[in-house]
Amino acid sequence: MYLEVNGITVLYDRAMVLNDVSFHVDKGELVSLVGPNGAGKSTLLRALAGLIRWEKDTLKGTTLGKITLEGSVLFGGEEMMRLPSHDIAKRGLILCPERGRPFREMTVLENLEAGAYLVKDKGVVKETIDRVYGLFPVLDKRRGQVSGTLSGGERTMLSIARALMSQARFLLIDEPSVGLAPLVKEDLFSRINQVHGMGITILLSEQDIGFAFDLATRNYVMSRGKVIAEGRADDLLADELIRKTYLGL
Amino acid sequence: MLERILVNGLVTSGTYAVLAVGFSLIFGVAKIFNMAHTALYMITAFLIFVGTNQLGFPYALSAVVSVGATIGFGLICYALLFDRVKVHQTAVMIISLAVAMLGQEILLLTLSGHYRGIAPFVTGSIDILGVAVLYQHLFTVLGCLATLFGLWALLTKTNLGKAIRAVAQDSETANLMGINVSRVCLITMGISAGLAAVAAVVAAPLEPLHPGMWMLPLTMILAAVVLGGLGSIKGSVFGAIILGFAETIVVTAVPGGSFLRGAVSLAAMVLVLIARPEGLFGVVFEEERL
Ligand SMILES: Nc1ncnc2c1ncn2[C@@H]1O[C@H](COP(=O)(O)OP(=O)(O)OP(=O)(O)O)[C@@H](O)[C@H]1O
Ligand SMILES: [Mg+2]
């Protein structure tokens with residue numbers, strides 16, 4: 001198993017946001033994590049990327065920093081829960097945060113260069129920039145534009161491109177399709193497929209079940225901080241209880 | 001009088017600009033509102049004074065050692081004090097203010113409150129377009145320009161600079177690029193202290209030294225930084241230029257102006273802020289986070 005998550009529990013003060021979550025992703029898979037608002041998808045991805053620990057450390061001494069974080073995350077056989085987030089990124093496990101979170105005062109190109117922070121070889125950086133421009137031509141067109149003025153879809157693409165710049169091997173993509181128009185969604189769908197085709201393992205969270213199920217080979221359904229079902233799209237859709245209660249179909 | 005205003009204005013605004021960008025930098029990156037920033041400037045100035053006037057070292061040697069010592073002191077303050085209370089911004093302000101006052105008291109005890117002076121690094125003057133400009137003035141202005149240019153090059157051209165800007169804009173996301181945020185903050189503190197020290201190296205011979213000399217520049221750079229837009233480096237430079245010239249014009253052209261130097265510049269700041277609360281270069285993007 002490439003990524004093996006065991007018993008992740010997160011409490012903000014007394015509020016339990018993740019309750020003993022376990023799952024796994026194999027090398028080369030594209031797995032989706034679906035569930036309604038507030039199910040804990042973002043929190044889970046942030047925990048995998050080390051951001052909950054970072055949040056806990058930086059907010060220590062305030063009420064917001066009263067965070068409990070437990071469990072184990074094995075990535076490539078190595079325990080990630082002990083590593084600071086920048087070291088997790090170094091291992092090639094990279095989060096594309098909700099809404100992309102570009103460095104807003106930097107241009108698109110500068111964002112990509114920031115993504116390549118870990119790559120010391122200038123030649124590799126240039127090559128990767130060309131590659132991500134090939135994958136997302138719209139970013140090439142906007143390379144000199146300050147990223148704070150990008151559209152929602154462009155931000156999402158930039159965040160994926162930025163993650164690819166650091167030679168990611170495993171992408172955690174948080175709600176890529178949120179707020180996008182149907183055509184943009186379709187475009188993004190095929191881009192994510194292409195990224196997957198490059199041999200990169202992907203775990204993506206989604207509220208749009210159609211988008212997630214069409215894209216992914218396997219899915220996890222989350223609800224109220226727990227993983228409550230796992231399976232292929234057909235099986236999950238066939239299950240009446242899951243359909244009605246958790247997927248809202 | 002016009003040429004006086006021009007030369008003195010450049011000297012004053014150059015010094016304020018170097019001080020203001022250093023302040024702005026550490027605030028933007030680590031959210032440290034460092035009230036001791038100009039105290040670092042004062043410490044360097046006094047260390048140079050001790051080096052040149054009391055120990056008889058050449059200016060350049062005293063300057064290099066003083067800059068190094070100031071950076072070290074800044075890093076110690078950061079690691080031991082500021083970093084630990086960083087989440088509470090008011091605590092950072094109060095602690096750094098205490099550091100500044102402590103520095104003042106220590107100087108008072110060790111060197112007394114007398115006004116001191118450092119001999120100019122270079123003496124004599126040069127004729128530029130019919131105006132006699134002191135070499136010291138030229139040194140200050142060129143030194144400030146070179147420092148600002150160096151900082152710009154560092155921030156835009158180097159990998160470290162890109163990391164610093166990334167942390168300033170979104171420290172959480174910077175983590176995801178593999179950037180060690182706490183290390184970047186520490187390095188930035190070193191750069192910030194270094195900038196305060198360099199301002200002293202180029203400008204201290206122009207100023208009477210005394211243990212209260214950190215206060216006026218602190219007021220002025222706070223005003224410059226707010227005027228330019230808190231967190232904007234470019235804004236800090238422009239704010240410093242505007243306030244530096246405003247101060248110089250008042251001091252040179254208004255009778256009794258040296259008593260008004262702070263007041264008029266601060267009034268200029270207030271007027272700009274009423275018209276544009278985010279400051280001249282403050283950027284406000286629509287809030288995207290939920
Ligand atoms: N910093 C925080 N402090 C307190 N509660 C939090 C914090 N962050 C998240 N939560 C709570 O945790 C729960 C899960 O949030 P999370 O953002 O992980 O959900 P999500 O599944 O990503 O939802 P969405 O689809 O709306 O993005 C929510 O109820 C939220 O209010
Ligand atoms: Mg979410």
Side-chain angles (χ1 to χ4, degrees), chain A residues 37 42 46 49-51 53-55 57-62 64-65 84-106 110-120 122 125 146-150 152 155 159 162-163 165-168 172 178-179, chain B residues 24 28-32 81-92 95 155-187 229-235 278 281-290:
Chain A
N37 283 117
S42 298
R46 287 167 55 81
L51 286 187
R53 174 178 159 173
W54 188 77
E55 203 179 347
D57 287 346
T58 43
L59 296 175
K60 200 166 63 190
T62 69
L64 290 173
S85 49
H86 57 91
D87 279 336
I88 294 178
K90 234 177 244 175
R91 305 293 191 274
L93 178 63
I94 315 260
L95 171 68
C96 304
E98 212 164 351
R99 287 163 187 271
R101 296 273 287 268
F103 298 113
R104 295 188 296 183
E105 289 165 44
M106 293 187 193
E110 285 174 323
N111 264 278
L112 296 179
E113 287 169 347
Y117 176 75
L118 291 172
V119 186
K120 299 298 169 216
K122 286 251 155 54
V125 175
V146 171
S147 65
T149 58
L150 292 178
R155 280 171 200 228
S159 84
R162 191 176 58 183
M165 290 303 300
S166 60
Q167 316 296 309
L172 307 162
V178 71
Chain B
S24 210
V29 173
K31 305 293 172 287
I32 300 289
L81 303 170
F82 306 159
D83 191 34
R84 303 193 174 201
V85 292
K86 214 158 77 177
V87 267
H88 303 288
Q89 284 207 21
T90 34
V92 173
I95 287 181
L155 289 179
T156 55
K157 305 288 173 217
T158 68
N159 222 16
L160 171 66
K162 279 171 197 141
I164 290 176
R165 287 163 62 213
V167 173
Q169 285 173 41
D170 187 340
S171 56
E172 183 177 283
T173 305
N175 277 293
L176 306 173
M177 316 289 106
I179 297 169
N180 184 338
V181 174
S182 35
R183 203 175 67 201
V184 166
C185 288
L186 185 70
I187 294 172
L230 202 57
S232 161
I233 301 275
K234 188 167 74 175
E278 70 272 33
F281 290 88
V283 232
V284 195
F285 287 109
E286 57 176 308
E287 206 38 70
E288 264 290 332
R289 286 184 64 187
L290 281 187

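Neither the backbone nor the side chain of Ser182(B) comes within contact range of chain A; no heavy atoms are under 4.5 Å apart. Residue contact with chain B, scored on non-hydrogen atoms closer than 4.5 Å, involves the backbone of Thr58(A) exclusively. The part of Lys60(A) that comes within reach of chain B is its backbone (N, CA, C, O), which places non-hydrogen atoms under 4.5 angstrom from that chain.
Minimum interatomic distance between Ala89(A) and Leu176(B) (heavy atoms only, all atoms of both residues): CB-O, 3.5 Å. Residues Gly178(B) and Tyr117(A) share a closest heavy-atom pair of O-CE2, 3.7 Å. Closest approach of Met106(A) to Ala166(B), counting heavy atoms only: CE-N, 3.4 Å. Residue Gln169(B) comes nearest to Phe103(A) through the heavy atom pair OE1-C, 3.1 Å, listed as atom of the first residue, atom of the second, then distance.
Taking NZ from Lys162(B) and CG from Asn111(A), the interatomic distance works out to 11.5 Å, rounded to the nearest 0.5 Å. Between the NE2 atom in His86(A) and the CZ atom in Arg183(B) there is a gap of 8.0 Å [rounded to 0.5 Å].
Of the listed residues (Arg162(A), Arg101(A), Arg104(A)), just one forms a salt bridge (Lys or Arg N to Asp or Glu O under 4.0 Å) with Asp170(B), and that residue is Arg101(A).
The residue among Ser166(A), Gly50(A), Ala114(A) with the most heavy atom pairs within less than 4.5 Å of chain B is Ala114(A). Your options are Ile94(A), Thr62(A), Ile88(A), Leu51(A), and the one with the most heavy-atom pairs under 4.5 Å with chain B is Leu51(A). Chain A forms more heavy-atom pairs under 4.5 Å with one residue of Thr156(B), Val85(B), Leu160(B), Thr173(B) than with any other, namely Thr173(B). When each of Glu113(A), Arg91(A), Glu98(A) is checked for heavy-atom pairs under 4.5 Å with chain B, Glu113(A) comes out on top.
At most 12 heavy atoms of other shown residues, nucleotides or ligands fall within 6.0 angstrom of atom NZ in Lys122(A).
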